[in-house]
Number of protein chains: 2
Amino acid sequence: MSRQDRNLRPSDLPSTRRSLPIALIRAREAVMTPIRDMLAGTGLTEQQWRVLRVLDEFGPLDSSELAGRAGLMASSLTRIVQTMTGAGLLKRHTPKADRRRQVIAVTDAGRAVLQDNKATAALIAASYRTRLGAADYEQLLDLLERLSDPE
Amino acid sequence: MSRQDRNLRPSDLPSTRRSLPIALIRAREAVMTPIRDMLAGTGLTEQQWRVLRVLDEFGPLDSSELAGRAGLMASSLTRIVQTMTGAGLLKRHTPKADRRRQVIAVTDAGRAVLQDNKATAALIAASYRTRLGAADYEQLLDLLERLSDPE
DNA sequence: GTGATTTCCTTGACATGTTAATAGTTGCTT
DNA sequence: AAGCAACTATTAACATGTCAAGGAAATCAC
């Protein structure tokens, strides 16, 4: 029984000093700040950058899959795609087979923005890894996934 | 050298399938959903709940400390406090010693909302712990803190 | 003291998060 | 084929996130 368990009745809440929700918020802040700094000159938000990243990796996707893979709500994605299509970074079309869907793809202009920032983004990603060490970094990812996936 | 390191050139980005930012977003979603469900009947947001939690734990705090401890931006906190003061859950006053500050405190009505939901919140918090096991849960918190604190 | 600087909070503008409602399609059932 | 259910994307309304700018008060420098 760890130190934290002692004197913990079932109805006790953990201190906000060591609370999982707040720890997740702070970590997201720490991880995102360098990415936002990188994107400051481009006019992109971190969410728009993730959309480019995902489409670059998987190719054209319909809205729901894109939203899922980029960690965005469907309603947010709708607006983001509208903005980025207007800016010439994305294009979309409705497949004849199922006209409910919107298939979204990157334009050449979008690929150019990706290319311009990939190297910096890779350095930022590597810095997280260095910060924790490779083993702890992988374990952090594992733990976060176990939190998200009920199985 | 781990499997992930092989064939990784310095300029390569990790796959969005296993990306720290997206993993953090998904984990936050998983952790917050039960809390939002709990609060559905109260009209509170998860952020407003955190404000109550922090003030309950530390007593009256000025805006910047409250924002920091609750994981909120100062500008968001300003609006949240306005809303919650209007709803009678918080009260604030300006200390004579430093009239720049706003000291914020919970009202009896705020404490009542806290009391009504504490037991459920404690069960939710315990469920995260159970899901990962106590040891992994503590390590997850440690890793998240190491990500946030440069030291 | 006075002016410059810093601290603390607030506001505004815009993007996203969250939820609920809705229109348009498709699939299923009969 | 007609009706109903399920699916997909969008919109609206409101709260928060993010950044930049601003006002009021305290602090510093001289």
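The chains referred to below are lettered A, B, ... by the order of the sequence lines, with proteins before strands, and numbering in each begins at 1.
Within the structure, salt bridge (charged side-chain N to carboxylate O under 4.0 Å, His left out) pairs that include any residue of residues 20-29 of chain A comprise A:Arg28-A:Glu46, A:Glu29-A:Arg36 (at least two apart or interchain).
Listed by residue number, the members of residues 91-103 of chain A with any heavy atom below 4.0 angstrom from DNA chain D are A:Arg92, A:Arg100, A:Arg101, A:Gln102. Listed in residue order, the members of residues 65-85 of chain A having a heavy atom less than 4.0 Å from DNA chain C are A:Leu72, A:Met73, A:Ser75, A:Ser76, A:Arg79, A:Ile80. Using a 4.0 Å cutoff on non-hydrogen atoms, the parts of residues 46-60 of chain B near DNA chain D are B:Gln47, B:Gln48, ordered by number.
Both A:Ser64 and A:Arg28 sit near DNA chain D, but only A:Ser64 has its closest nucleotide nearer the 5' end.
Between the A:Arg146 side chain and the B:Leu132 main chain, a donor and an acceptor come within less than 3.5 Å of each other. With hydrogens and angles disregarded, a donor-acceptor distance shorter than 3.5 Å links the side chain of A:Tyr128 to the backbone of A:Val31.
Here the range on DNA chain D touched by chain A, meaning any atom under 4.0 Å from one of its heavy atoms, is D:dC7 to D:dC19. Of all nucleotides in DNA chain C having an atom under 4.0 Å from a heavy atom of chain A, the first and last in 5' to 3' order are C:dA15 to C:dT26.
Here A:Gln102 pairs with A:Ser63, A:Arg92, A:Thr94 under the side-chain contact (heavy atoms from CB on, under 4.5 Å) rule; sequence neighbours left out. By the side-chain contact (heavy atoms from CB on, under 4.5 Å) test, A:Asp37 is found to be paired with A:Thr33, residues two or more places apart in sequence or in another chain being considered. Under the salt bridge (charged side-chain N to carboxylate O under 4.0 Å, His left out) criterion, B:Glu57 pairs with no residue at all, not counting sequence neighbours. By the salt bridge (charged side-chain N to carboxylate O under 4.0 Å, His left out) test, B:Asp56 pairs with B:Lys118, sequence neighbours left out. Evaluation of the side-chain contact (heavy atoms from CB on, under 4.5 Å) rule for B:Ala27 yields A:Leu24, A:Leu144, A:Leu147, A:Ser148 as partners, not counting sequence neighbours.
Under a hydrophobic clustering in which Ile, Leu, Val, Met, Phe, Trp and Tyr are joined whenever their side-chain heavy atoms come within less than 4.5 Å, directly or via other members, B:Met32 and A:Leu20 fall into the same cluster.
Taking each heavy atom of A:Arg101 and A:Pro95 in turn, the nearest pair found is O-CD, 3.6 Å. Of all the heavy atoms in B:Thr107 and B:Lys91, the pair that sits closest is CG2-N, 3.8 Å. Taking every heavy atom of both residues into account, B:Ile22 and B:Thr16 meet most closely at CD1-O, 3.9 Å. For A:Val113 against A:Trp49, the heavy-atom pair with the smallest separation is O-CZ3, 4.2 Å.
We find that A:Arg131 and B:Asp149 are not joined by a salt bridge, their nearest charged nitrogen and carboxylate oxygen being 4.0 Å or further apart.
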Output a table of donor-acceptor pairs, distance under 3.5 Å, between side-chain atoms of residues 64-80 of chain B and any protein atom two or more places apart or on a different chain; print 'none' if there are none.
unit_1, atom_1, unit_2, atom_2, d
B:Ser64, OG, B:Asp62, OD1, 3.2
B:Glu65, OE1, B:Arg69, NE, 3.1
B:Glu65, OE1, B:Arg69, NH2, 3.4
B:Thr78, OG1, B:Ala74, O, 3.2

